[in-house]
Protein chains: 2
Amino acid sequence: MPAKRPPIPLSRERIIEAALDIADTQGLRRLTMRRLGEALQVEAMAIYHHLPGGKEALLDALAQHVTTVSVDPSGLPDWREIARAWCRAGRQALLAHPGVLSLAMTKPPRGSAAAAIGEQVRQLADAGLREPAAAVRTLRSYVFGSVAVELQQTGWADPKAQPVMPEPDGEAAFERGLTALLTGLERFAET
Amino acid sequence: MPAKRPPIPLSRERIIEAALDIADTQGLRRLTMRRLGEALQVEAMAIYHHLPGGKEALLDALAQHVTTVSVDPSGLPDWREIARAWCRAGRQALLAHPGVLSLAMTKPPRGSAAAAIGEQVRQLADAGLREPAAAVRTLRSYVFGSVAVELQQTGWADPKAQPVMPEPDGEAAFERGLTALLTGLERFAET
DNA sequence: ACCTGAACACCGTTCAAGT
DNA sequence: ACCTGAACACCGTTCAAGT
């Protein structure tokens with residue numbers, strides 16, 4: 001028979017990982033403290049010991065997790081390519097966890113997520129872009145919205161859980177729109 | 001003493017109106033069938049009679065409500081201005097109901113919301129835009145994302161419910177980004 | 001036809017208690 | 001230090017019953 005105690009002790013990381021898995025496979029509405037405990041082989045109440053803020057803190061942590069990305073700008077020729085890299089990384093991180101997209105778009109960026117935005121602004125400024133904060137805001141808008149529309153199109157949130165149907169044109173549509181946006185930004189935002 | 005029966009009989013419209021009010025003022029998490037019934041002076045179970053699908057149908061209806069917009073293209077000189085009008089209308093409709101933004105971005109467009117998208121594509125095609133469906137998709141992405149970022153910035157979802165703080169630069173940022181996007185779309189999408 | 005009351009299975013969270 | 005069990009107030013939804 002299996003041991004009663006969990007093989008690995010609980011940790012913030014394991015909790016977040018398990019929560020993401022539930023949200024992505026069953027939907028955010030089914031992410032429940034009790035179900036999360038079950039997935040971790042633990043009573044639900046044990047979670048509070050590692051995540052003092054309760055469920056609200058858990059949701060904040062999930063949002064932060066999927067909006068924290070980083071880009072190495074070395075080797076990228078200009079601000080245009082740096083911006084492109086950040087947008088692609090942001091899109092990938094969001095697409096990887098469709099279950100928590102609504103949290104990522106709703107919760108204000110905190111901690112590592114806010115730091116990532118600051119780093120992006122800095123890189124673009126260093127690369128000679130004028131008003132980098134405004135540009136980053138516009139790019140973030142586009143990334144969030146693109147992923148939302150892409151997931152809408154795949155019917156991810158539908159009643160009969162479709163077999164994922166990855167929508168092959170999603171990436172192409174994203175790149176087309178991104179190029180259009182960068183072309184437009186060039187017009188007034190060059191240094 | 002007040003009458004036990006509600007003064008006005010329940011209706012789908014009244015239910016949606018009351019639900020939007022709760023979501024906008026108290027947050028989506030507090031929108032509950034029981035609280036909704038209380039706001040309508042009715043037992044929660046009465047709602048099911050007018051909204052057969054239960055809470056899931058209610059949330060669908062809310063998403064549809066805030067994503068159904070219309071634009072009269074007559075008098076607008078070109079596709080650029082038609083697109084601008086649709087984007088402004090979409091932004092206003094979403095900003096008016098911050099509580100259900102996450103639903104609007106998540107639920108696939110249905111019914112009147114899907115019809116509005118079709119109408120937008122038709123208008124842009126008539127105005128001479130090439131590949132209007134791709135353009136509308138990109139514009140929708142930008143509108144969704146802009147509103148999400150704007151509401152993040154205002155701290156709408158924060159713990160201590162701020163006094164709305166309408167972020168005066170939100171509209172300016174939206175218009176700047178929109179102009180950039182339209183400029184970029186012009187490049188490859190003219191007829 | 002429209003609404004209510006009671007009931008059921010399920011939530012998040014607390015708190016004292018176990019080890 | 002870390003986890004459990006019981007308890008409380010609250011969910012969504014059903015179903016028979018009232019008017």
Side-chain angles (χ1 to χ4, degrees), chain A residues 1-23 25-63 99-100 102-103 106-107 157 159, chain B residues 1-23 25-63 99-100 102-103 106-107 157 159:
Chain A
M1 79 206 74
K4 274 266 174 74
R5 291 296 218 78
I8 319 159
L10 226 44
S11 73
R12 199 185 144 90
E13 312 235 332
R14 282 188 63 229
I15 292 171
I16 290 175
E17 200 179 352
L20 283 174
D21 185 60
I22 293 174
T25 57
Q26 316 188 35
L28 191 59
R29 284 198 65 237
R30 307 208 55 160
L31 171 56
T32 235
M33 296 305 270
R34 284 167 149 99
R35 242 187 290 261
L36 183 52
E38 194 184 13
L40 292 163
Q41 312 236 49
V42 139
E43 294 304 304
M45 300 73 197
I47 298 168
Y48 288 78
H49 215 271
H50 297 263
L51 238 133
K55 190 168 189 187
E56 205 53 41
L58 173 63
L59 299 184
D60 280 346
L62 297 181
V100 296
S102 61
L103 296 176
T106 282
K107 305 259 183 190
Chain B
M1 79 206 79
K4 276 269 175 72
R5 290 298 219 76
I8 320 159
L10 226 44
S11 73
R12 200 184 144 89
E13 312 234 332
R14 283 188 63 229
I15 293 172
I16 290 176
E17 201 179 350
L20 283 174
D21 185 60
I22 293 174
T25 57
Q26 316 189 35
L28 190 59
R29 284 197 65 237
R30 308 207 53 159
L31 171 56
T32 235
M33 296 305 270
R34 284 165 150 102
R35 242 188 288 263
L36 184 52
E38 193 184 13
L40 292 163
Q41 312 236 47
V42 139
E43 294 303 306
M45 300 73 196
I47 297 168
Y48 288 78
H49 214 271
H50 297 263
L51 238 132
K55 189 167 190 188
E56 206 52 42
L58 173 62
L59 299 184
D60 279 346
L62 297 181
V100 296
S102 61
L103 296 177
T106 282
K107 304 259 184 190

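Any value given below was found using the heavy atoms of this structure, including those in side chains, with hydrogens, waters and symmetry copies removed.
In this structure, A:Gln26 places its CD atom where more than 12 heavy-atom neighbours from other residues, nucleotides or ligands lie under 6.0 Å away.
Using a 4.0 Å heavy-atom distance criterion, A:Arg35 is classed as a sugar-phosphate-only contact. Within the 4.0 angstrom heavy-atom criterion, base atoms lie near B:Met45.
Atom-to-atom, CG of A:Leu36 to P of C:dT13 comes out at 12 Å; the value is rounded to the nearest Å. In this structure, CG of B:Leu31 is placed 17 Å from P of D:dC10, rounded to the nearest angstrom. Between the CG atom of A:Leu40 and the C1' atom of D:dT4 there is a distance of 15 Å, rounded to whole Å. Atoms CG (B:Leu28) and P (D:dC11) sit 14 Å apart, rounded to a whole Å. In this entry the distance linking CE of A:Met33 with P of C:dT14 reads 10 Å, nearest Å. Taking atom OH of residue B:Tyr48 and atom P of nucleotide C:dA6, one finds them 18 Å apart after rounding to whole Å. Taking atom CD on B:Gln26 and atom P on D:dC10, their separation rounds to 14 Å, with Å as the unit. Look at CD1 on B:Ile47: it is 13 Å from C1' on C:dT4, rounded to the nearest Å.
For A:Gly54 against A:Met33, the heavy-atom pair with the smallest separation is C-CE, 4.4 Å. In plain terms, the two heavy atoms of A:Leu36 and A:Ala18 that are nearest each other are CD1-CB, 3.8 Å. Residues A:Leu10 and A:His50 share a closest heavy-atom pair of O-CE1, 3.2 Å.
The residue among B:His50 and B:Arg29 whose nearest nucleotide of DNA chain C lies closer to the 5′ end is B:His50. Nearest-nucleotide positions on DNA chain D for A:His49 and B:Lys55 put A:His49 closer to the 5' end.
Side-chain N or O atoms of A:Arg30 include none that pairs as donor or acceptor with a backbone N or O of A:Thr25 at under 3.5 Å.
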Convert the base pairs of DNA chain C into dot-bracket notation, remembering that pairs crossing earlier ones are written with [ ] and that bases paired across to another strand are shown as |; include only Watson-Crick or G-U pairs under 3.5 Å.
||.|||||...|||||.||

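For A:Leu10, counting side-chain heavy atoms from C-beta on, the closest listed nucleotide (C:dC3, D:dC3, C:dG12) is D:dC3.
Here B:Leu58 contributes atom CG and B:Ile16 contributes atom CD1; the two are 7.0 Å apart, rounded to the nearest 0.5 Å. Between B:Lys107 atom NZ and B:Leu59 atom CG the span is 5.0 Å, to the nearest 0.5 Å.
Between B:Thr32 and the phosphate of D:dG12, there is a side-chain N or O to OP1/OP2 separation shorter than 4.0 Å.
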